[in-house]
Amino acid sequence: MKLLIKTTLCSLLLCALSTSAQIQQSELLQGLDLQFRVQLNKAKVPGGAYAVVRGNQIIATGSYGVRAMGKPEKIDADTVFRLASVSKTFTGGISVLAAQQGKVNLDLPLINYVPEFKLKTATATRQIKVDQVLSQSTGLMPHAYENLLEDKQTPEQILPKFQQLSPGCKPGTCYSYQNIVFALLDQVLSRGTGQSYEELLPERIFKPLQMSTASVGYAPFLATENKAMPHKRGGKGWRPVKIDPNFYWVNPAAGVNASANDMAKYLIAMLGHKPGVFSAEALAQLQQPMVKLRGKSRWPVWQQYKQVSNWYGRGWRVIQYDEHKLFYHGGVVDGFRPYIAYSPEQDIGLVLLTNAEADITGDLAKWFWQQVLST
């Protein structure tokens, strides 16, 4: 009889804990949906979409607004957006997978794969390794010659100008964000594997994860029917603008396109639930903090932890808080503002996509992680 009572009490306790967790999750998702709609409406952003995953499940998707101002087509969870610098996380992933196959050696100097890359001296050139390009720790001046890309010069035109530069610090020791240099990983991958970046991502990541609307490049984005169009500020609101191809010239840095549903599937893999695509070993390499950033995170959620530091890994940004880590990346390009993040400890991930350059995703992410990490 005592055993029966004890078993019943344990069952009731587990049931109560389960119900409590379900209530907390429901409140979180309802709150996110409300915050999402309120924030986008307040900023008059034309449209956006989001997704939340927990474990190996997509537990919520939501959408708001229209694909383009002045047109009736609504955004849904399958609407494709430009991912801007979130693309770098895919480059990190495919580079690690290629390295595991022995096709690419991340410890070799970049010049071994890209002989056209030259700095001011031969010594400086050979100091920069592939892994330092991947982890944004080349030591070169931040955003080197990116202004020329924005002025419509091609990477081929820009690359010779790097002969004027030397690293400002020893490569591997300081953070220095790049787009043009990062995009040279395209050549590293193609010369190492025999396949282009545009071939590798669908074969190794998109198709295995059933990311049916994901693509790489300008032409595939234009060919997509259900796509969000970019908007920039004009007058008192937002105006649709033409899609500029220049940052598609650096696909590993900014050339991936995907929907909220696609990115949710990708997050499930990042959380370790698709070991056939990303093994535990591959994820461990992707989740390794590589170079520390200066400054401290100011979000209120981080104030409850004793030790908080910011890092860049292999295509991912990392926040180390005590013994835990949060992995994320944001981006902005010609009228789009994406954000992706996941917490292995909480087994939860978030993606936010908008078709305007308002910093709504940052505020929404701040709210979301405040709820998740404070419980």
Side-chain angles (χ1 to χ4, degrees), residues 82-92 94-95 104 106 108-169 171-172 174-192 196-198 200-201 216-222 230 241-257 291 312 314-315 329 331-336 357:
R82 291 186 68 177
L83 297 185
S85 286
V86 173
S87 304
K88 293 179 176 72
T89 70
F90 288 95
T91 305
I94 201 67
S95 298
V104 169
L106 301 181
L108 286 178
L110 175 64
I111 195 173
N112 282 35
Y113 294 98
V114 190
E116 303 89 343
F117 175 75
K118 294 178 182 178
L119 297 178
K120 200 166 187 177
T121 68
T123 300
T125 301
R126 292 202 64 81
Q127 282 182 331
I128 296 179
K129 297 179 179 179
V130 174
D131 219 9
Q132 290 157 358
V133 175
L134 194 57
S135 60
Q136 301 286 19
S137 59
T138 60
L140 298 172
M141 65 179 187
H143 298 274
Y145 298 117
E146 194 174 312
N147 61 313
L148 300 181
L149 185 66
E150 292 173 347
D151 288 339
K152 308 296 189 295
Q153 290 192 35
T154 66
E156 290 74 22
Q157 291 174 305
I158 297 169
L159 193 58
K161 298 184 184 300
F162 279 86
Q163 295 182 55
Q164 303 171 32
L165 300 183
S166 294
C169 68
C174 68
Y175 168 74
S176 175
Y177 195 82
Q178 306 292 326
N179 277 306
I180 294 169
V181 174
F182 193 93
L184 295 176
L185 292 165
D186 187 348
Q187 296 181 50
V188 173
L189 289 163
S190 64
R191 287 167 179 167
S196 70
Y197 184 80
E198 293 78 8
L200 285 167
L201 256 60
V216 181
Y218 179 62
F221 184 78
L222 291 182
V241 295
K242 291 183 179 180
I243 300 165
D244 197 324
N246 55 350
F247 274 85
Y248 278 122
W249 298 339
V250 288
N251 277 336
V256 180
N257 317 300
V291 61
Y312 203 94
R314 293 183 172 98
H329 217 297
V332 56
V333 63
D334 294 331
F336 292 93
E357 290 182 17

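Quick caveat, the model's predicted, so the values are computed rather than measured.
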task = Inspect the contact between D244 and K152 and indicate whether a charged nitrogen and a carboxylate oxygen are less than 4.0 angstrom apart.
result = yes
ask   = Do NZ/NE/NH1/NH2 and the carboxylate oxygens of R191 and E116 come within less than 4.0 Å?
value = yes
Just checking, is any N or O donor in the side chain of [X] or [Y] under 3.5 Å from an acceptor N or O on the other one?
X	Y	result
E150	N246	no
S85	K88	yes
S135	S137	yes
Y113	S190	no

Quick check: does any side chain N or O of [X] sit under 3.5 Å from a backbone N or O of [Y], one acting as donor and the other as acceptor?
X	Y	answer
Q178	M141	yes
Q187	L184	no
Y145	I180	no
S176	G139	no
E357	G335	yes
N257	G217	yes

key: Residue from V250, V114, V130, N251 passing side chain to side chain contact (heavy atoms under 4.5 Å, CB included) with L185   = V130
key: Ring-face cation of R82 near Y218 (centre distance under 6.0 Å, axis angle within 45°)   = no
So do [Y] and [X] actually touch side chain to side chain, heavy atoms under 4.5 Å?
X	Y	value
R314	D131	yes
S95	V104	no
F247	E146	yes
L148	K161	yes
F221	Y248	yes

remark   = Hits for side-chain contact (heavy atoms from CB on, under 4.5 Å) against P109, two or more places apart or cross-chain, chain-then-number order -> I111, N112, R126
Stepwise side-chain contact (heavy atoms from CB on, under 4.5 Å) test for I128 and V181 = CA-CA 11 Å; I128 296 179; V181 174; 5.8 Å; no
ask   = Are Y312 and H329 close enough that their ring centers fall under 6.0 Å?
value = yes
task = Kindly indicate, with the supporting measurements, whether the criterion side-chain contact (heavy atoms from CB on, under 4.5 Å) is fulfilled by H143 and N179.
result = CA-CA 6 Å; H143 298 274; N179 277 306; 4.1 Å; yes
task = Report the C-alpha distance between K129 and T138 in whole Å, list the side-chain angles of each, state the deciding distance to 0.1 Å, and finish with yes or no for side-chain contact (heavy atoms from CB on, under 4.5 Å).
result = CA-CA 8 Å; K129 297 179 179 179; T138 60; over 6 Å; no
ask   = Which heavy atom of S87 sits nearest a heavy atom of A84, and at what distance?
value = OG-O, 2.7 Å
request  = Mind telling me whether F162 and F117 have parallel, tilted or perpendicular rings, with 30° and 60° as the class edges?
outcome  = tilted
query = After noting the C-alpha distance and the side-chain angles of T125 and Q127, does the key distance pass the side-chain hydrogen bond (donor to acceptor under 3.5 Å, both in side chains) rule?
reply = CA-CA 5 Å; T125 301; Q127 282 182 331; over 6 Å; no
request  = Decide side-chain contact (heavy atoms from CB on, under 4.5 Å) for D334 and V241; before the verdict, give the C-alpha distance in whole Å, the side-chain angles of both, and the deciding distance to 0.1 Å.
outcome  = CA-CA 8 Å; D334 294 331; V241 295; 5.8 Å; no
query = When rounded to the nearest 0.5 angstrom, what is the spacing between CG in L110 and CG in L119?
reply = 9.0 Å
query = For Y197, which residues count as a ring pair (Phe, Tyr, Trp, His ring centres under 6.0 Å) partner, sequence neighbours excluded?
reply = none
